[in-house]
Student: 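The structure follows.
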Amino acid sequence: MNLFAQQLINGIFIGSVYGLFAIGYTLVFGVLDILNLAHAAVFTLGGLVALWLVQSAEMSIWVAFPLATLFSGILGLIINAVAFVPLRHRPDTYFSGLISSIALAIVFESAAIGIFGARTVRFPISTIAVHIWQIAGVTITSLQIEIVMIAACLMAGLTRFLRRSRSGKAIRAVAENERAARLLGVHVDGIIAFTFFISSALGGAAGILFGLYFGALSPDMGRSIELKGLAVIVLGGMGSIPGAIIGGIAFGLSEVLTVAISGTSNLRDAVAFTVLFAILLLRPSGLFGRRQIRET
Amino acid sequence: AAPAWAAMPEAKIGIVFSMTGGAASYGATQKHGAQLAVDEINAAAGDKGVHIKPYFDDDASTPQQGINVFKKFINSDHVSAIIGPTLSDTAQVTDRIAQAGSVPVLGVSNTAQGITEIGNYVFRDSLTEAVVVPNTIRTAKEKFGISKVSILYGNDGAFTKAGYDAFKKALTDEKITILSEQTFAKGDRDFSPQLTEIKSQSPDAIVVSALVEEASGIVSQARQLGIPASVPIIGGNGFNSPSLIKNAGSAAEGVLIGAAWSSTASNPLNQKFVKDYTAKYGNPPDQFAAQAYAGVYIVYDAIQKAGAPFKPAKIRDALAGIKNLDSVLGKFSFTSGRDADYKPVLQEVKNGKFVVVGE
Amino acid sequence: MIPMDLNHIFTQFYAVYGSLINFIGINSLLAISLYVTLSAGQLSLGNAAFAGIGGYTAGILTMYLNVPYIVALFAAALMSGAIAMILGFPVLRLRGVFLAIATLAFGEVVRILAINLQITGGAEGLTPIPDKTQAWMIFTALALTGYFMAVLRRSRIGWSFASIREDETAAKAMGINTTWYKTLAFTIGAMIAGLAGAMSAHLNYIITPGEFGFSAAVQLLIFNIVGGTRVWYGPILGAALLTALPEILRGFGVTAGPVRMGVNGFILLMVILFLPNGLVSLFSHNKD
Amino acid sequence: MALLEIRSIIRMFGGLCALNGVDFSVEEGEIHGLIGPNGAGKTTLLNILSGMAPPSSGQVQFAGRDIHALPAYQVASLGVARTFQNIRLFPAMTCLENVIAGQHLTASRPLLPRLLQLPSAWRLDHEYEKDARSTLARVGLENRARVRAQSLSYGERRRLEIARALAARPRLLLLDEPVAGMRQGEVTQVAELIRILAGEGMTILLIEHNMSFVMTLCSRITVLNFGQVIATGTPDTVSRHPHVIEAYLGVDKSS
Amino acid sequence: MMLEVNHLTVTYGPIEAVHDVSLNVESGAIVTLIGPNGAGKTTLLNALSGVIPVRGGNILFNGQDITRMSPHRRVAEGIIQVPEGRLVLAGMTVRENLEIGAYRRPKSGIAADIARMQERFPILKDRIEAPAGSLSGGEQQMLAIARGLMAHPKLLLLDEPSLGLAPLVVQMVFDIVTELRQNGLTILLVEQNARQSLAVSDNAYVIESGAIVLEGPAAKLRSDPAVIRTYLGQGL
Ligand SMILES: Nc1ncnc2c1ncn2[C@@H]1O[C@H](COP(=O)(O)OP(=O)(O)OP(=O)(O)O)[C@@H](O)[C@H]1O
Ligand SMILES: Nc1ncnc2c1ncn2[C@@H]1O[C@H](COP(=O)(O)OP(=O)(O)OP(=O)(O)O)[C@@H](O)[C@H]1O
Ligand SMILES: [Mg+2]
Ligand SMILES: [Mg+2]
């Protein structure tokens with residue numbers, strides 16, 4: 001029983017990490033209807049820059065965290081300006097944006113290798129105090145709780161922001177129909193840039209938390225989470241913030257439960273992706289996806 | 001006119017590692033090791049001695065790029081010998097090209113089975129897990145009285161899979177019970193589900209086949225999840241890197257590592273290498289660097305024996321004849337099957353250092 | 001004297017770049033395999049997995065069963081095609097990125113199976129696969145598929161694909177059995193991919209699960225977009241440029257490692273930004 | 001037996017009953033109008049007739065065959081073509097290509113002669129293209145053949161949609177607001193075209209809010225309100241029907 | 001003069017869709033623009049809204065040159081367009097559509113305005129929480145008009161407002177237009193229904209192939225034989 005409880009906690013935790021990564025991802029996806037495949041690179045760079053600030057600039061993590069998050073947000077603005085704005089009005093913008101963001105991701109990753117080296121690095125042990133609790137044989141760390149809390153707060157806050165606030169509605173309006181939004185007085189280009197900023201800042205923050213928790217940062221760390229992040233936002237329903245978190249947790253749980261139930265992890269990813277596959281067949285627009293509106 | 005090398009004999013060597021892609025972190029230290037050796041050799045050769053002209057290249061961690069690089073080395077650069085590539089997958093393909101082109105190739109990190117069986121031009125100085133592991137398990141059993149273990153390994157990479165095979169065989173040979181086998185994938189950062197499962201089985205030890213990127217995470221998360229320090233973690237070549245200690249910190253204490261090289265081995269060549277490398281690059285070397293460094297010296301030895309004009313075939317013969325060469329790895333020979341033949345070491349992490357605890 | 005020299009230069013060139021040329025051929029075939037599905041408006045990220053299925057099928061047949069190579073090639077194409085057809089009916093109900101992810105998930109499952117199965121050689125891959133692929137085979141296959149695609153455009157199938165790509169609902173209303181045509185596109189694509197995978201396995205001596213993961217799938221899309229998706233030779237141009245790019249950069253003395261990777265990415269970015277219709281716009285004068 | 005028989009069609013969207021037991025029939029060769037207030041269920045009914053969406057219950061018979069359970073492409077292959085209220089063209093194709101794509105059911109393009117590059121394939125292409133051009137000419141778009149559909153104006157798009165539907169040479173043509181966005185002169189042209197088509201034996205069911213168009217063109221009209229038929233008959237009877245005036249027409253102030 | 005358009009030229013690539021058009025809209029007036037399909041009416045309105053670039057000429061709004069002003073600032077200035085083809089935000093609810101309509105104006109009074117719109121178009125009341133994309137064509141058109149009014153425009157550009165509306169509702173829309181004018185709103189109207197639009201307008205322009213071919217007081221144009229022939233007709 002303890003074992004099972006521990007696995008559930010593991011699943012919720014790793015799922016929240018996926019979700020954190022996916023929130024920013026899905027935000028841009030929802031607005032522009034294009035995938036920003038440089039998101040994983042921002043995730044990586046956010047973590048690496050925070051590490052650099054802590055290690056080389058000898059800052060406290062509490063200073064480095066917001067600075068690196070800000071830096072990631074600015075990367076988002078750069079991605080938008082370089083990889084998306086020039087393509088905005090091309091007929092193939094969907095695919096070309098996909099590719100240009102990959103191209104930029106390659107440039108970012110090579111820059112990361114060039115600047116930080118290819119090896120895995122970690123935050124100094126003293127960066128953040130971690131408490132470990134053993135409750136009834138179940139291990140929980142303070143960092144885990146913090147990460148799950150942050151994910152939950154972000155989900156609630158962002159959802160509310162999108163539903164209620166003026167800018168949130170403007171973001172959704174741009175997502176629905178850019179031309180209409182423009183005619184209604186929405187500063188579309190500004191809203192898009194703003195969305196990229198928020199999205200990338202979130203991506204960078206996720207990278208920092210990831211690095212803090214797992215104690216491992218490397219220039220290619222975005223790669224392994226990229227695919228899962230993609231799976232998660234589709235599972236949750238594109239553009240849906242609760243979907244991203246809940247999809248993340250669902251994905252995390254399916255991974256962990258495979259291990260718990262089968263006792264071996266050989267098929268962990270296979271099961272996770274099969275579940276994704278099955279859910280898509282049952283609910284073609286994901287768990288929380290927008291319902292198909294009439295076409296005729 | 002007389003060729004340039006008549007005055008200053010120069011042997012061309014192609015050196016290819018994964019500078020980008022999934023194995024980039026290993027390729028980076030390999031290149032450092034090789035570069036250091038080349039610089040030392042060329043400095044020592046002075047005006048008269050045989051120089052090495054290195055052609056460095058990147059296989060981007062993929063077989064296709066590896067093939068292109070090998071073809072270029074052989075047909076365009078006309079190198080006399082090749083060192084690399086980083087990954088066994090790639091070597092499976094590229095070494096056949098070297099074989100077909102009759103250019104000797106020395107793998108310095110390929111550990112998969114069957115690589116040297118490709119042909120008589122294919123060598124390696126990397127001890128395979130199959131050589132290192134039995135010794136590790138035997139010593140560990142004697143020392144800790146281990147009778148039941150859980151295994152955790154990466155099942156999607158040739159290196160970690162080969163390590164697993166070797167561990168499994170050694171454990172069976174030693175009649176140690178395997179409680180469960182868990183796997184992970186390249187790039188995984190979270191190992192808590194597997195470790196939770198393992199914890200629940202209360203093994204005497206955890207046997208792990210992983211490269212250092214994942215190994216550090218596994219070691220620290222195992223301790224974080226409350227697997228007591230009295231349950232040792234046993235790893236292979238992949239663990240043998242200073243980053244393990246750097247990244248896992250105190251959790252790394254007590255980890256047992258069977259490896260092909262030890263940074264603390266008393267061998268003076270080795271001590272000098274560790275010192276020079278650390279001075280030059282600011283980081284202590286890992287096993288990848290050491291094997292690459294040794295590889296350049298091994299090839300250089302063969303080159304000198306073969307002599308100008310450095311015909312690949314003659315270098316091959318000289319390589320095959322290497323016996324008890326002094327190297328950072330120890331007294332180095334090739335087996336008749338062109339695999340490395342020297343003594344592995346068993347190390348333990350103590351007070352943040354690798355300490356040799358047996359052979 | 002001169003002909004001999006030319007001959008020498010040619011053999012020399014082929015010795016150095018022969019395998020590069022072969023890879024261009026194989027990658028072009030893979031790119032076209034995706035082009036087929038794209039031309040029906042479906043983004044499949046499963047084609048790399050179909051190449052893997054083809055590669056393993058053919059490899060197992062020639063290695064263990066001594067099946068003649070040509071038969072193995074056909075078997076590979078058929079196997080990939082059959083799986084695509086079975087997969088297609090449920091999956092092709094999905095649209096856009098949902099389809100892409102479902103096919104990607106399929107690819108991941110195939111990859112993980114290949115890692116865990118005995119017959120595929122697990123993580124170490126299937127090796128040594130006999131070396132049977134020759135340049136002429138690759139380029140004959142490429143020429144035939146290229147021709148097929150060029151001609152298909154003006155056929156009933158081609159028009160149906162185009163209609164579905166433009167507006168699936170309207171296509172249905174015009175009497176087009178969209179499910180069938182989408183499955184057809186998916187299947188043809190998978191067959192071409194399977195063939196390419198089989199040829200690649202018999203060129204490289206080995207096939208490993210790592211070869212057809214996410215990045216391989218995306219790479220095929222990159223070939224298509226960089227080359228241009230308006231005409232059948234677009235994907236070929238894209239595959240040729242991007243496959244040769246590392247070699248070209250090497251020729252210009254761009255050092256190995258992160259710098260080359262960065263320059264690679266930068267060039268990719270430039271092509272996307274400044275050639276709106278891909279490389280084909282350099283060759284066709286059809287302006288918009 | 002009428003060409004199209006619609007019996008007790010009900011269509012629910014969640015709790016909303018868009019069609020609530022609709023019955024009427026369309027005779028072969030007639031021009032039948034379908035009118036009613038916004039949201040009455042006209043487009044929903046058209047979707048059901050063309051197989052784009054199944055009814056919640058009820059039957060549709062076309063030429064004696066039940067078609068309410070058939071997928072859209074099969075309904076189309078029986079000879080039913082339609083246009084869309086919110087215009088669904090193939091945006092990146094030219095006008096000519098849109099019409100050629102619309103020939104799916106009528107053009108045979110065998111693959112083999114094409115693969116062998118036989119002249120017959122080219123001849124067919126040529127023929128079909130000529131057909132398409134004359135179809136474009138029927139809706140007055142002959143000089144826009146090479147223009148992409150996405151750069152047409154609203155009214156031109158409507159006409160191109162009609163042309164594309166005609167390319168299928170349907171027995172029954174369903175038009176959803178064919179003259180929306182057209183001026184009087186243009187409306188007259190479309191009305192003329194529809195009359196000619198009916199004269200050629202085509203049956204037409206059309207939805208329209210342009211009353212002078214409907215009243216002068218249709219031989220019979222069915223009026224829907226809240227998903228139910230409130231009147232059906234000749235333009236004269238319908239336009240005098242008090243329910244219809246109250247729910248739909250109102251009292252025309254401008255005349 | 002509220003709106004002054006001088007020698008305006010708009011192109012799509014090589015095609016000139018609007019050619020050297022000059023027109024004026026006086027404050028508080030209703031001006032109708034009529035012309036055949038493809039004449040350039042929508043193009044002209046889009047140029048006024050700033051969503052497509054202008055090739056030549058200029059646009060003055062209350063004396064201020066807005067030719068290069070970005071669309072959202074024009075909206076802030078009070079120029080609102082109800083676009084052709086509705087462009088409702090399909091996935092957002094009817095209420096959210098209306099709220100977004102008021103994006104550029106102060107928050108106060110939005111709820112009251114929504115209530116007023118629901119009164120005008122009862123259907124919007126019934127479906128207030130439904131996604132706009134599920135509405136019927138005509139219902140969406142009503143929503144688009146209501147959404148435009150939510151902005152409290154100074155100059156309202158209406159592109160075919162009666163498109164797809166039932167006769168009763170068309171009547172209502174024209175009633176609203178007259179009512180708005182009484183409240184001092186200025187309107188530039190593009191309408192298929194030339195007869196009715198000329199009836200409520202002060203001035204009118206006829207545009208053909210991108211150029212103004214006729215202009216004058218609406219009453220005068222209503223009796224122009226050419227206009228009668230092509231735009232008013234006698235029914236069929
Ligand atoms: N997919 C759907 N989901 C929810 N409601 C729908 C859907 N489709 C139609 N409706 C509703 O059903 C009713 C009928 O819609 P329909 O489009 O058939 O009307 P219509 O008669 O064509 O109106 P109009 O003349 O305005 O085009 C409307 O109230 C509409 O909101
Ligand atoms: N995006 C575009 N690209 C190229 N040409 C266009 C584009 N939009 C419109 N046009 C062309 O510009 C001309 C004017 O179009 P516009 O939409 O302004 O006409 P309109 O007067 O509004 O017609 P309608 O009454 O049919 O709505 C037309 O010839 C049309 O084909
Ligand atoms: Mg309708
Ligand atoms: Mg218009």
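Excluded from the calculations below are hydrogen atoms, water molecules and symmetry mates; all remaining heavy atoms, backbone and side chain alike, are included. Bear in mind the structure is a predicted one, so any value in this text is a computation, not a measurement. A note on names: the letters A, B, ... follow the listed sequences, proteins ahead of strands, and every chain is numbered from 1.
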Student: Could Glu96(E) and Lys169(A) be called an ion pair, given the rule that one side-chain N must be under 4.0 Å from one carboxylate O?
Tutor: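 No, this pair does not count.
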
Student: Quick check: do Arg179(A) and Asn46(E) have side-chain heavy atoms less than 4.5 Å from each other?
Tutor: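 Side-chain contact under 4.5 Å: yes.
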
Student: Take a 6.0 Å sphere around CD of Glu26(E) and say whether it holds more than 12 heavy atoms from other residues, nucleotides or ligands.
Tutor: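 Incorrect, the count does not exceed 12.
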
Student: Counting heavy atoms not belonging to Arg181(E), are there more than 12 under 6.0 Å from its CZ?
Tutor: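 Yes, the 6.0 Å shell around CZ holds more than 12 heavy atoms from other groups.
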
Student: If you count heavy-atom pairs under 4.5 Å between each of Met150(E), Glu99(E), Arg74(E) and chain A, which one has the most?
Tutor: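 Winner by heavy-atom pair count: Glu99(E).
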
Student: At their closest point, which heavy atom of Tyr103(E) faces which heavy atom of Val186(A), and how far apart are they?
Tutor: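 Closest approach of Tyr103(E) to Val186(A): CE2-CA, 3.6 Å.
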
Student: Answer whether the closest heavy-atom distance between the side chains of Leu184(A) and Val75(E) falls below 4.5 Å.
Tutor: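 Heavy-atom side-chain distance check fails, nothing below 4.5 Å.
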
Student: Taking the side chain as C-beta and beyond, is there a heavy-atom pair between Arg182(A) and His72(E) under 4.5 Å?
Tutor: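 No, every pair of side-chain atoms sits at 4.5 Å or beyond.
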
Student: Within the side chain of Glu176(A), is there an N or O that forms a donor-acceptor pair under 3.5 Å with the backbone of Gly91(E)?
Tutor: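 Flag set: sc Glu176(A) to bb Gly91(E) pair under 3.5 Å.
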
Student: Are there more than 12 heavy atoms of other residues, nucleotides or ligands under 6.0 Å from atom CE of Met1(E)?
Tutor: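 Result for CE/Met1(E): enclosed.
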
Student: So which atom in Ile100(E) and which in Ala173(A) form the shortest heavy-atom distance, rounded to 0.1 Å?
Tutor: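 Nearest pair, atom of Ile100(E) first, then Ala173(A): CD1-CB, 3.9 Å.
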
Student: Let me know if Ser49(E) has heavy atoms under 4.5 Å from chain A in its side chain, its backbone, both or neither.
Tutor: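 For Ser49(E), the side chain is the part near chain A, not the backbone.
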
Student: Counting only heavy atoms closer than 4.5 Å, note whether Leu157(E) contacts chain A via side chain, backbone, both or neither.
Tutor: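 Interface part for Leu157(E): neither.
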
